[in-house]
Amino acid sequence: MCGIVGYTGHREAYPVILKGLKRLEYRGYDSAGVALFNNGLHVYKKKGKVAELEESVIGKDMHAFMGIGHTRWATHGEPSDRNAHPQVSNSGELAMIHNGIIENYLSIKNDLLKKGYSFSSDTDTEVFLNFIEDIKKNNACGLEEALRIALKRIVGAYCILLISADDPETIIAARKGSPLVIGIGKGEHFLASDASPIIEYTKEVVYVNDYEIAIVRPDELILKNLGNEKQTPFITKLDMELAAIEKGGYDHFMLKEIHEQPETIHDCLRGRLLPETGQIVMSGVENHLAELINAQRIVIVACGTSWHAGLVAEYMIEELCRIPVEVEYASEFRYRNPVINKGDVIIAISQSGETADTLVALESAKEKGAFIFGIVNAVGSSIARLSHAGAYTHAGPEIGVASTKAFTGQLAVLTMIALKMGYSKGTIDHERYIGLMKELEAVPEKLREILKDTSSIQRVAEKYKDARDFLFLGRGYNFPIALEGALKLKEISYIHAEGYPAAEMKHGPIALVDDQLPVVFVATKDSYHQKIVSNIQEIKARKGKVIAIATQEDAMIASMADDTLFVPDADELIAPLLSVVPLQLLSYFVGVAKGLDVDKPRNLAKSVTVE
Ligand code: G6P
């Protein structure tokens, strides 16, 4: 979703901003723009990709030492040049970029219209900006003060960068609910939605908190709260290399990230999973073991792929810890006034740590006294900071919009947590505990085996790439993997796909089955194996095309399926970490075969920072 970049310092601002916008492209967007200060404000905006913006300014004087840039994911108003950011105020004196939504913009707009303001876009951002301008005029105050007053009166989420035609150096920034990182250089500062545009210039960053305003000049960074009190910036060292956000020889980030999984899982387990000594070292769990194992109920909140990881965790935690678990879509959980009792634990799962629905759900659960445990990939993100305790997935930056390595990282972390809790609680015995630890430890090697040769998956993808619909079926631990397989295919190939519990298929989706419908069965060897064999037969009897994900050497499944993709044998609790990988690759290869932009699928955003 919207990406924000700002620069003030001694370098040419435009190339820094342009490169930064390209690094943020992965977030998903539909238009781009920049505002530069060079004896006044100069704004350039374009519907489409950053490259189109770049082309449109060829030959123009882009010289400036300060500027702001934006990639917009449309909320208010269609993607167009005029709705792109930066927006400019009526006087032409202010320019602003904004990530988020101003919910009460209509009433503010009506007031401003009555005062004679006019609007050249459909955006809430232009309203917000003119509101600031109006306050500045009426209160005869400075821009910072006007912004502070405006922020107290708007409802919604925002991260904004604001510049003025009478100040060549200063960028004023503010955030609530949408992320903002400030990179600290020598005589220069970088501002961005995440660290990726900053990393090649400096590793020292400040994560701006909600309700803070930052006044940023080349030599100065002042943080204040909305009460105009100075805050001490907390400087963090980025633990990330530039290579981590580049493609490293792969055609797409998605493919690179799928192939990184043996390493990312290894990194996730390293120093934590110690089968030789029977220990699982996770300080976030250890320090709060009593809250976790005595929980009356665990509620997992998440969105998208992370929600699927939550479903796998539901099965694991109930089996290993005997604690009731509910898995909730964060957006629904937040708005249906859920019952939260003392002793409830909320586990939040999020790759980005910035998903607005998850964040808001957590804030309200926290207010009601719930204990929040965050499982997050992006270090220092809002959800990580809001949680009472947590565990990072350590999958490294995930750039492809479709989540792959972050998902398996989430599964690995959740497995360790469930094992540690179950063993501490006494709901699993030593043998199963050590056995599962060893199974988890073996996952990176088994992933390497799957990824060694992916040609059979590519062949299947090419065979079915023109199908109109797909059905994905699984049981038990593989049911969430069927959902995830369907989601991946939809996201990347735009083919309609549904995931279903294999047995539930009889209550509806079976009506769709004919000789044109590919049905993917996630059918690795587990306690449901015989049952899923029957489900496959039900599909075959209706001439459906069966693609099976099966355990190596499972001749029975292979004899029934039209196409079989094998994964190494594993305990059923661990199997999702393996069975999801051929499905990630299937979607990837179908998307590529259809000539689609798999890293930046249409309409999708990597980090969904609006509710
Ligand atoms: C978006 C992304 C998905 C992701 C979901 C939740 O929809 O495209 O890949 O699963 O958001 O994001 P989170 O960062 O909270 O895991």
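Atoms within each ligand, like the ligands themselves, are counted from 1 in listed order.
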Open item on the list: Using the ring pair (Phe, Tyr, Trp, His ring centres under 6.0 Å) criterion, which residues pair with Phe128? Sequence neighbours excluded.
Closed with: His98
I'd like the atom pairs linking ligand 1 to the protein - N or O on both sides, separation under 3.5 Å - with distances to 0.1 Å.
| residue | atom | partner | partner atom | Å |
| --- | --- | --- | --- | --- |
| ligand 1 | 8 (O) | Ala605 | O | 2.9 |
| ligand 1 | 9 (O) | Val401 | O | 3.2 |
| ligand 1 | 10 (O) | Thr305 | N | 2.9 |
| ligand 1 | 12 (O) | Thr355 | OG1 | 3.3 |
| ligand 1 | 14 (O) | Ser350 | OG | 3.3 |
| ligand 1 | 14 (O) | Gln351 | N | 3.3 |
| ligand 1 | 14 (O) | Ser352 | N | 2.7 |
| ligand 1 | 14 (O) | Ser352 | OG | 2.6 |
| ligand 1 | 14 (O) | Thr355 | OG1 | 3.3 |
| ligand 1 | 15 (O) | Ser350 | OG | 2.6 |
| ligand 1 | 15 (O) | Thr355 | OG1 | 2.5 |
| ligand 1 | 16 (O) | Ser306 | OG | 2.5 |
| ligand 1 | 16 (O) | Gln351 | N | 2.7 |

Task: CD on Glu328 to CD1 on Ile346, rounded to 0.5 Å - done: 8.5 Å
TODO: Output every pair passing ring pair (Phe, Tyr, Trp, His ring centres under 6.0 Å) with a member in residues 348-386, not counting sequence neighbours, ordered by first then second residue.
DONE: His288-Phe371, Phe371-His388
Task: From CG (Leu483) to OH (Tyr500), nearest 0.5 Å - done: 10.5 Å
Open item on the list: In the structure I gave you, are the side-chain heavy atoms of Leu447 and Leu578 within less than 4.5 Å of one another anywhere?
Closed with: yes
- [ ] Give every residue pair that meets the salt bridge (charged side-chain N to carboxylate O under 4.0 Å, His left out) criterion with at least one member in residues 190-210, sequence neighbours excluded.
- [x] Lys19-Glu200, Arg23-Glu200, Arg27-Asp194, Arg175-Asp210, Lys203-Glu241, Glu204-Lys237
